[in-house]
**Q** 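Sharing a structure, written as C-alpha cells. Questions coming.
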Amino acid sequence: MSLQLSFGSHSRSVFVWTRALVLGLALCIPALVAFQCGRPSFRAAVCVRDITPISPGLAAAYTATFGQPAVVNHTDPVFLAGFGDNRPATGYNDRLWARTLVVDGLGDRIAITSLDVVGYLNGEVDTIRSMVSPDSEVDYVVVHSTHQHEGPDTIGIWGPDPLTSGIDFGYLDFVNASVADCIDEAAANLEPARVKFATTNSDGLSLGIDVEDDGAGVADGKVLVDDDLLAPATDGRIVDSRLSIMQVTERGDEKDVIATLVNFASHPESLGSNNTLVTSDFPHYARERIEEAAGGTAIWVSGDLGVLQGPLDLDVLDPDTNQPAVRRTFRWAEVHGEQLADRVLSAIPSMPGSPVAVIRSATAKPVPVRLDNPYFRFFIALGVINARLDLFTDGVPDDGVGFPFPPPFNELPQALGEELHTEVGAFTINEASFAVVPSELDPQIGETYRAAMTGAQHSFIIGLGNDEIGYQLPAPKWDDSCHASAPFILGGVPQLCPVQPIDCNTVFQNNVGQDVDPSISGAMFPVLAELH
Amino acid sequence: MTGSGPRRTLAAVVAGLCLVAAAPVRAHIVYGRPTLLGLTLGADVVAHVRILEPNAQVVLPESGQRRGVVVAELRELLKGSLEPGAPLRFATHGHGVAEYVAGEQAVVFLAGIERSRELDALAVTGLRWVSFQEHDARFVLDSSNRKPLLAALRGYVSAEGEGEPEARLRKQRAVTLALLTSGIPRLAESAVQDLAGAGEVPLVTVEDVPLLLERVVDSPEAPAGLRAALLSELARRGFVDGAPHWVRLLRTTSKPELLQVVRAAGQHPSPAVDETLVAMLGGDDSEIAAAAALALGTPAHADATPSLAASLDHPEPRVRMAAIRALGRIPTPAAQRALETAAAEHTDLDTRRRAAAEVRAATTSD
C-alpha cells in the first residue's frame with residue numbers, strides 16, 4: 001500500500017514536509033486498520049437529478065429543447081428569481097441540476113449537494129435531511145445554492161407582484177425529495193476513490209476595460225465605506241478571484257474522474273434581468289467543458305460572492321471573433337464559463353490523488369441571528385418569503401405578527417419573532433478545509449475564515465450553505481440607513497425620513513442586520529478551531 | 001398582537017400594502033416594483049427622452065477605462081434642471097438595469113453621478129447623471145401609455161412643489177384616481193401601491209368607490225392581481241365589504257391568474273371565502289386544488305381540516321403534498337392527527353415521508 005498525498009502547487013517548505021510526515025503517520029495507522037478491516041479508507045460517489053422547473057405551459061418547450069419527456073413539477077408561471085419581480089420564464093437554455101458528491105473517509109461521511117437555485121432556506125434543508133435514509137449513514141449533509149439568477153423563485157420575493165410569493169411549494173417538495181433520493185443513491189454507490197486538490201485563480205480572465213473591472217475575472221459591484229483604504233489601487237473594489245478545486249477519481253484508474261468540484265466567488269447572473277430562459281448561467285458552460293475534458297461530474301459551488309462579486313461589469317474576449325463578447329448573452333456566459341473551466345483544468349495536478357482521506361466535520365446549529373431587517377419582517381408577515389420559515393423568540397418558535405410602527409406607519413405588518421435560526425459548519429478532507437456559511441459572504445470576511453484554517457493548503461468557502469440569509473459584511477461597515485428608514489420607504493415617504501442619505505443597495509436591504517457577522521463569525525471561528 | 005387575530009387584521013391589508021421603493025439606490029434583489037411617485041421623489045431629474053445611442057461609451061482620460069452610457073435627446077423636462085442644447089448622457093448602475101433600444105422614447109429618472117460611489121469617478125469625463133432604474137422600472141412610452149404616464153408625472157411633480165398640504169393632496173388624489181382607472185396595468189398597479197402605503201391618507205374617498213369597483217375590482221378586463229390588491233385596500237379602509245367581492249373574484253377568474261387569486265383570497269378568511277376554497281379543493285383541477293389547499297393552510301382556516309385531511313388521499317401527488325403542507329400550518333390536534341395517520345399508514349411512500357417530516361417539524365417547534 002502506498003500513501004500519496006497531494007500538496008498542490010505550493011512550495012514544499014520544511015514546515016510542509018513536517019506536517020506531511022505528521023499527517024502521514026496520522027493517516028497511516030487508521031488506514032492500515034481500515035484496510036485490515038476491509039473498509040476502504042476513501043470512497044466517493046456522485047449523483048445528479050434534473051431539477052429544472054417544468055410547468056404545464058413550459059412542458060413543450062422543455063421537450064423541444066432537451067429532447068426529453070417533460071414531467072411537470074411546477075405550476076404556471078415559473079417566476080425567475082434574482083432581479084426584479086414578475087419575470088416569468090418563457091423557455092430553456094439549459095437544465096438546472098442537483099449535483100451531489102458523497103465522500104466517505106476515515107472519520108465522517110459527508111454529502112455535498114449543489115443546487116442550481118438562487119437560495120435554499122434552512123427549513124427546506126432540514127426537510128431534505130429528514131428524508132435521507134438513515135441507512136445512508138451521512139454524518140453531515142451540505143445543501144448549497146449556486147445563487148444563479150435565472151431559475152425558479154425558491155425564496156418568495158420574486159413573484160408576480162410585491163405581495164405574492166413566487167414560490168411553488170409543490171416544486172420545493174419535488175426538489176427536497178429529489179435531493180434526498182440523490183444522496184441515498186450516491187451513498188449506496190460509494191466506491192474506492194482517490195482525492196486531490198488544487199488552487200488557482202481567475203486573474204486575467206477579464207479585459208479590464210470597464211471602470212469596474214480590474215481584470216480579475218470577477219468584479220466588485222458595491223464598494224463599502226473605507227474599502228478604498230483597504231484597496232486603494234482599485235478604488236476600493238475588493239474581490240476574491242480564487243478557484244479552489246477538488247477532484248475525485250476512481251481508485252483503480254485515477255484517470256477515471258468521478259467528480260470535479262469547483263469553488264468560485266461570483267454571482268451566476270451574467271444573462272441579466274432581461275433574460276427569460278431558464279439557465280444555470282456560466283457555471284453550466286464551465287461544467288460542460290470540465291466534463292468534456294476530464295470526464296465525471298462537474299459540481300459548481302459558489303463561494304464568498306457577497307458584497308458584491310459578480311460578472312455584470314466584465315468584458316471577456318471571444319476567441320471566435322477576437323472581440324469582447326457581447327454582454328448579457330449566452331455567448332458571453334459560454335466564453336466566461338469555458339475560460340474558468342480551462343483555468344481549472346490546467347491547475348489540476350496530474351499526479352494520482354490520495355487513496356486515503358481523513359474527513360472531519362464540525363457544525364453549530366442553531367445559530368441564532370437577531371432579525372433587524374424590517375423589510376424581511378414585512379415579507380415574512382405577509383407570507384411572501386417562504387412561509388415555512390420560522391422565527392424564534394428566546395429560542396421558542398414565534399409566528400407572531402404585529403404592527404409595531406407608530407402612526408402613520410401602524411398599518412405595516414411585521415413578523416415579531418426576534419431571531420432566525422441558521423447554522424454554520426466546516427469540514428476537512430486531508431489538506432483541504434471547507435467552511436460552510438449560510439450567507440452571501442463578503443470576501444474580506446472569507447479571508448479571515450481561510451486564515452483560521454490553520455495548516456490547510458486548500459481552502460473552500462461554501463457560500464449559501466444550508467441556508468440563504470442574505471449578505472454578510474464586516475460589522476464596522478454596516479450602514480443602518482436602509483433599515484432605519486424602512487417605515488418611511490414602505491410607507492412611500494422616504495423623503496420624510498430623518499436619516500439621510502439612504503443607502504438601500506442590495507447589500508443592506510437584503511441583509512438580516514447588524515448581528516449577522518457577529519453571530520455567524522462568532523459561531524464559525526469555534527467550529528474552525530475544532531478542526532484546526 | 002400575535003396568532004390568528006393579527007392574521008385577520010393582516011388579511012385586511014395584505015394585498016394592499018406594497019413597497020414604494022423610492023430609495024435612490026436599488027439593486028438586484030428588489031422588493032417589488034418602484035412606483036412612479038417613489039421614482040419621482042427620489043430623482044434629481046425626471047425626463048421624457050428619445051434614446052439616441054443606448055450603448056455609447058465614455059473614456060476616463062488617464063486610465064483609458066470605459067463605461068457604457070446612454071445618450072438621449074430631451075423631449076420634455078419633467079423635474080429638475082438640465083443644460084440646454086446638448087444631448088443628455090447618463091450611466092446606469094445596479095443589477096439588471098434597464099436597457100434601451102435606439103429610437104424608443106422613455107421616461108428616465110436620474111440622480112447626480114456623485115451619488116454613486118462606484119461611478120463618481122466618471123464625473124471627470126463631464127458625465128453628470130446616473131440612472132438606478134432596474135429592468136422593472138423601465139418606462140418606455142408607446143401610444144397606449146404616453147398620455148396618462150406623462151400626465152401622471154406632471155401631476156406628481158406639480159404636487160411635490162405644492163406648499164399647501166390640502167392642495168398637494170388634491171393633486172395626488174387626482175393622479176391616483178386617473179392611474180387606477182387608466183386601464184393600463186403597470187400604471188394602475190403603481191397607484192394602488194402608493195394608495196396602500198399611504199395608510200389613512202385619503203388618496204381615494206368613499207365617493208370614488210363606485211367607479212373603482214366598476215372599472216377595476218369587478219372588471220374582468222382588469223388584471224386579477226390588481227383587482228385583488230385594490231379590493232383589499234378598499235376593504236381595509238372600510239369602504240366595502242370584501243367577502244362577496246372575493247367570492248366573485250374567485251368565481252370569475254380563470255387560470256393562470258386564478259392561482260394567484262386563490263392565494264390572495266386565502267389571506268382574507270370569511271365563511272363565504274372558506275366555502276369557495278373548500279369547493280375548489282375538491283374540484284377536478286389538481287393545480288387549483290393544490291393552490292386551494294395551500295391557501296387554506298393557516299390557523300384561520302382550521303375548520304377546513306377535515307377537507308384537507310381528505311385531500312391526503314387525492315390521486316395527484318401535488319395535491320397530497322399541498323395538503324400536508326397546509327395541515328402542518330394548522331396547529332390543532334386534528335391537523336396533527338391527520339398528519340400522523342398519513343405518516344404511519346398512507347400507501348404512498350413519498351406521502352408517508354413528507355407527512356413524517358411535517359410531523360417532526362411540528363414536534364420540534366413545540
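Throughout, protein chains are lettered first and strands after them, A, B, ... in sequence-line order, and every chain is numbered starting at 1.
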**Q** According to side chain to side chain contact (heavy atoms under 4.5 Å, CB included), who are the partners of B:Glu257, at least two apart in sequence or on a separate chain?
**A**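 Checked B:Glu257 against side chain to side chain contact (heavy atoms under 4.5 Å, CB included); matches are B:Ala224, B:Thr253.
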**Q** Would a distance-only check, ignoring hydrogens and angles, find a side-chain to backbone donor-acceptor pair under 3.5 Å from A:Asp76 to A:Gly57?
**A**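 At least one qualifying donor-acceptor pair exists.
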**Q** Can you tell me how far CG of A:Asp228 sits from OG1 of A:Thr234, rounded to the nearest 0.5 angstrom?
**A**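 Here the interatomic distance stands at 9.5 Å.
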**Q** Can you tell which part of B:Ala290 gets under 4.5 Å to a heavy atom of chain A, answering side chain, backbone, both or neither?
**A**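 Neither; nothing under 4.5 Å.
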**Q** Is chain B contacted by the side chain of A:Asp220, its backbone, both, or neither, given a heavy-atom distance below 4.5 Å?
**A**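 Interface part for A:Asp220: neither.
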**Q** Taking B:Arg318 first and then A:Asp168, would you say they form a salt bridge - that is, a charged N and a carboxylate O separated by under 4.0 Å?
**A**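 Between A:Asp168 and B:Arg318 there is a salt bridge, with a charged N closer than 4.0 Å to a carboxylate O.
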**Q** Who wins among A:Ser481, A:Gly221, A:Pro77 for the most heavy-atom pairs under 4.5 Å with chain B?
**A**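 Counting heavy-atom pairs under 4.5 Å, the top option is A:Gly221.
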**Q** Assign the ring pair A:Tyr471 / A:His267 to parallel, tilted or perpendicular, where the plane angle (0 to 90°) is split at 30° and 60°.
**A**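 Aromatic pair A:Tyr471/A:His267 classed parallel.
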**Q** Which bit of A:Asn274 comes within less than 4.5 Å of chain B, counting heavy atoms only: side chain, backbone, both or neither?
**A**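 The side chain, not the backbone.
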**Q** Relative to chain A, which segment of B:Ile324 carries a heavy atom at a distance below 4.5 Å: side chain, backbone, both, or neither?
**A**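 Neither part.
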**Q** So which part of A:Arg328 gets closer than 4.5 Å to some heavy atom of chain B, the side chain, the backbone, both or neither?
**A**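 Contact with chain B involves the side chain of A:Arg328 alone.
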**Q** Under a 4.5 Å heavy-atom cut-off, does chain B meet the side chain of A:Val384, its backbone, both or neither?
**A**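 Looking at A:Val384, nothing touches chain B.
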**Q** Taking salt bridge (Lys or Arg N to Asp or Glu O under 4.0 Å) as the test, write out the residues that go with A:Asp315, two or more places apart.
**A**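 Salt bridge (Lys or Arg N to Asp or Glu O under 4.0 Å) list for A:Asp315, sorted by chain: A:Arg327.
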**Q** Does any heavy atom of chain B fall under 4.5 Å from the side chain of A:Thr75, the backbone, both, or neither of them?
**A**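 Both backbone and side chain of A:Thr75 come within 4.5 Å of chain B.
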**Q** Any idea which heavy atoms bring B:Ala188 and B:Leu226 closest together, and the distance?
**A**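 For B:Ala188 versus B:Leu226, the nearest heavy atoms are CB-CD2, 3.5 Å.
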**Q** Is A:Leu172 close to chain B through its backbone or its side chain, or both, or neither, when contacts mean heavy atoms under 4.5 Å?
**A**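 Neither part, no heavy atoms under 4.5 Å.
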**Q** Using the six-membered ring wherever Trp is involved, compare the ring planes of A:Tyr171 and A:His74 and label them parallel, tilted or perpendicular (cut-offs 30° and 60°).
**A**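 Tilted: the ring planes of A:Tyr171 and A:His74 meet at 30° to 60°.
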**Q** Determine, stepwise, if the pair A:Asp213 / A:Ser206 fulfils side-chain hydrogen bond (donor to acceptor under 3.5 Å, both in side chains).
**A** CA-CA 7 Å; A:Asp213 176 9; A:Ser206 57; 2.8 Å; yes
**Q** Name the option with the most non-hydrogen atom pairs under 4.5 Å to chain A; the candidates are B:Met321, B:Arg66, B:Lys255.
**A**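 Of the options given, most contacts go to B:Arg66.
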**Q** Which region of B:Val97, side chain (C-beta onward) or backbone (N, CA, C, O), has a non-hydrogen atom less than 4.5 Å from a non-hydrogen atom of chain A, or is it both or neither?
**A**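 It is the backbone, since no side chain atom gets that close.
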**Q** For A:Ser165, is it the side chain, the backbone, both or neither that has a heavy atom under 4.5 Å from a heavy atom of chain B?
**A**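 For A:Ser165, the contact with chain B is made by the backbone alone.
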**Q** Quick one: what part of A:Asp313 sits under 4.5 Å from any heavy atom of chain B, side chain, backbone, both or neither?
**A**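 Contact with chain B: side chain only.
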